[in-house]
Structure formats: structure tokens, C-alpha cells
Amino acid sequence: GGAGFPSGLKWSFMPKHSDGRPSFLVINADESEPGTCKDREIMRKDPHKLIEGTLLAGYAMRARACYIYIRGEYFNEAVVLDEAIHEAYEAGFLGKNACGSGYDYDVYLHRGAGAYICGEETSLIESLEGKQGKPRLKPPFPANVGVFGCPSTVTNVETVAVAPTILRRGASWFAAFGRKNNSGTKLFAISGHVNNPIVVEEEMSIPMRDLLDKHCGGVRGGWDNLQAVIPGGSSVPVLPIHECADALMDFDDLKARGSGLGTAAVTVMDNSVDMIAAIRRLAHFYKHESCGQCTPCREGTHWLEDILLRMEVGDAEPHEIAMLEEITRQIEGHTICALGDAAAWPVQGLIRRFKDVMERRIAHPDAFNPDDHFQKSWSGEPFANHDWVKQHDGGISIKLD
């Protein structure tokens with residue numbers, strides 16, 4: 001997951017001997033982090049890879065069944081995945097005597113209702129049980145008391161889907177990618193101001209600039225037009241251009257630079273972006289998605305957005321920058337789950353990397369014209385994908401004046 005915790009170690013926490021309670025595997029397919037769209041590609045295009053992975057992971061941790069908790073907005077993905085589950089049952093891969101092994105194993109698909117907080121494992125469990133999606137205090141941890149009070153492991157779509165390939169090719173093959181302690185491959189969901197937004201599987205530790213140039217055709221307007229990159233989903237701090245050229249896309253390097261790999265959702269922003277407005281928009285998201293259980297998060301996310309709304313137009317005082325950071329410090333580490341941290345880190349990154357922009361905005365509010373930074377859905381550049389359209393349009397041609 002985004003924290004980079006070793007999956008094998010997490011799975012090993014499941015009890016080795018049963019006390020009479022069944023064990024369960026829970027797949028977190030509640031992909032709601034802004035900018036993140038990698039798991040949906042697996043569920044949409046290769047659902048049997050995920051189902052095979054759940055069977056292998058479930059058998060390894062002696063699970064009786066698997067619950068796939070899918071994001072409510074992923075309607076088409078849920079339809080595809082549900083059909084794939086039925087196909088696996090019909091082929092004898094799931095159910096009683098799965099794969100003729102004598103092992104009984106069921107897979108259930110559960111649709112969420114669109115709450116970002118349910119991506120946190122204990123909130124997901126609460127929602128799966130039919131309760132409000134609010135995080136639980138830990139301990140007890142899910143491996144001891146999880147879904148329905150039974151030992152459970154909550155793990156991610158990408159993690160489970162890659163397990164069959166690792167077993168086929170061998171652990172040494174997978175570990176050969178990337179650097180030590182950052183080995184393997186990763187799905188990078190690259191969006192924003194690149195010439196070719198894409199979800200691509202690459203090896204860990206690839207330089208960020210190589211990733212963007214190789215798979216995305218580079219930054220829109222050239223590398224020098226780059227302003228900043230959020231390297232791992234909206235919850236990690238932003239990196240300015242001078243940090244991006246040498247940054248390696250792995251946990252250790254990005255952590256050393258004051259950011260993180262997170263979900264590996266790379267959001268690229270060129271010089272047309274107003275950084276204060278961008279982070280203010282993320283602050284609004286976290287305010288909206290806070291479950292309200294913890295006071296620092298419930299109150300603090302409102303304050304973050306309120307101050308950033310004023311700072312965006314220069315209606316603030318210079319000392320409020322320090323106040324803004326103090327609020328983030330009061331939220332960070334003071335909540336049951338990591339949503340408070342996720343709300344605080346983008347604002348901390350803004351202050352750390354773009355404090356001069358904030359100071360100029362406050363000192364010269366009249367010099368700011370929001371129309372200069374308005375993000376249009378189409379850049380106005382000539383359409384360059386004619387060959388692809390000709391190949392895949394099915395004979396339907398649409399002309400835009």
C-alpha cells in the first residue's frame with residue numbers, strides 16, 4: 001500500500017492455528033485517492049489476475065473466504081469483476097473443493113457507497129459489516145479481530161494481483177527490479193500536464209524524468225515548463241521542478257526528499273497552475289471526506305481550507321502562513337487513522353516548497369489574475385492522435401469545428 005509496508009510480513013500476522021473462528025481475506029478496491037486510477041485497470045481489463053491472486057493469498061493465510069470491497073463509483077468495473085467471479089466458479093476454481101484441491105474458498109464482491117475514508121482498513125471493515133465507515137482504534141488489529149470479529153487481512157488490489165506472476169517467475173525475478181528495499185514493479189498512474197497521460201507498469205526506482213519522457217512523451221511544453229509534481233497521490237507533499245529531475249520513484253528516495261511514493265499516482269503540473277489554488281482544492285477534498293470522528297481532523301480540515309481560500313486571493317496576513325503550518329502539525333499524528341496526515345501533508349509541502357509564492361500573493365494581491373491560471377479541459381493544441389483514431393474508431397468519424 002501507500003505506506004510501503006512489506007506485504008509478506010503483513011500476511012504473516014494471520015494466526016497459524018485456528019481457535020474456531022474462520023479467517024478472511026479482504027481486498028481494498030476502494031480506490032479513491034485523487035489522481036489514482038491503477039487498480040481499476042486491473043479490474044476492468046484483467047479481473048482474473050486479481051481473482052487468482054485472491055485464491056493464492058487466501059490459501060496462504062488459511063482464509064475461508066475473500067471479500068472484495070470495490071468503490072461504489074466503479075460500476076462498470078464491478079460488473080466485469082462480478083462476471084469474472086461467476087466464470088471462476090463455473091470453471092471450478094472457486095467454491096467447494098476449489099481447483100480440486102480439497103480447499104473450500106468463496107469470493108464475494110461488495111460495493112461501497114463512495115466514501116474515501118473507507119479506503120482505511122478498519123473503516124472498510126466497519127462498512128463491510130453494515131456500519132458507518134469510521135476507523136477503529138487499534139489494537140486489536142484486524143489480524144486478531146477483523147471483519148465479523150474474525151482474523152482478517154486487508155490488502156490491496158495491485159498487491160494481490162501481482163502475486164501469481166511472482167510465484168510463476170520466482171521471487172528473485174521480481175526482486176531484481178529496482179533498488180534494495182525498493183524492489184519489484186509498480187503501476188504508475190500519470191496524469192496532468194503530460195503529452196500522454198497513462199497508467200503504466202514500470203520497475204521501482206526509475207528516475208521520474210525518465211518515467212515521464214519514456215511513457216508520457218514528456219511534460220506539456222517541455223521539461224522547463226514543469227512547475228511541480230505530486231509523486232504519489234494527493235496525500236503526499238509536492239515536489240518542485242529542481243527536485244524532480246533526479247528523484248527516483250521509490251519509497252526511500254521520495255521520503256528522503258520530504259515526499260512519498262504513496263499510491264504512485266503522479267500528478268504533473270506545469271507553470272499554468274496556481275499552486276495555492278491546487279493545494280486549496282485538495283484541502284477541500286479532505287475536509288469533505290473527513291468522517292468527523294476525530295476533533296483535530298474534523299475541525300482542522302475546515303480551518304485549512306478557510307485560510308487557503310483567503311490566501312488564494314491574497315486576503316491574508318503574513319503571519320497566517322505560520323499559523324497554517326501550526327494547524328497541520330496539530331492534525332498530523334493526532335487522529336485515529338491517516339486521513340488527518342493526508343490532509344496536512346499537501347499543505348506542509350506547499351509551505352515548504354512554495355512559501356515565496358504565498359508571501360508574494362499576500363504582499364501583492366492585485367497582481368494576481370485567476371484567469372491566467374484557469375485550467376481548461378482542452379489545451380487548444382492540435383489533435384495529434386489521428387493514426388490511433390483511424391485504427392480504433394470503428395468507422396465512426398467525428399469532426400470538430
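The basis for the numbers below is simple: all heavy atoms, side chains too, and nothing from hydrogens, waters or symmetry mates.
Remark: S123 pairs with E120 by the side chain to side chain donor-acceptor pair (under 3.5 Å) rule, at least two apart or across chains. The side chain to side chain contact (heavy atoms under 4.5 Å, CB included) search around R209 returns D213, W223, not counting sequence neighbours.
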- Could you give me the CA-CA distance, side-chain angles and deciding distance for D30 and R71, then say whether salt bridge (Lys or Arg N to Asp or Glu O under 4.0 Å) is met? CA-CA 4 Å; D30 189 65; R71 177 181 176 183; 5.9 Å; no
- Message: Under the criterion ring-ring contact (aromatic ring centres under 6.0 Å, His included), I'd like the reasoning laid out for Y59 against Y105: C-alpha separation, chi angles, the key distance, then a yes or no.
- Response: CA-CA 8 Å; Y59 181 79; Y105 188 74; 9.0 Å; no
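In this structure, Y67 has its ring center under 6.0 Å from that of F148. Between F141 and F13, the ring centre distance reaches or exceeds 6.0 Å. For H373 and F368, the ring centers are positioned less than 6.0 Å apart.
D270 is not listed as a side-chain neighbour of L226, based on a closest heavy-atom distance of 4.5 Å or more. No side-chain heavy atom of Y74 sits under 4.5 Å from any side-chain heavy atom of R44.
Side chain to side chain, Y286 and E305 fail the donor-acceptor criterion of an N or O pair below 3.5 Å. For the residue pair E202/T185, the side-chain donor-acceptor check at 3.5 Å is not satisfied.
E41 and K38 are not joined by a salt bridge, as no carboxylate oxygen comes within less than 4.0 angstrom of a charged side-chain nitrogen. Between D274 and R280 there is no salt bridge, since no side-chain nitrogen of the basic residue lies less than 4.0 Å from a carboxylate oxygen of the acidic one.
Here the CE-CD1 distance, from M43 to I27, works out to 10.5 Å after rounding to the nearest 0.5 Å.
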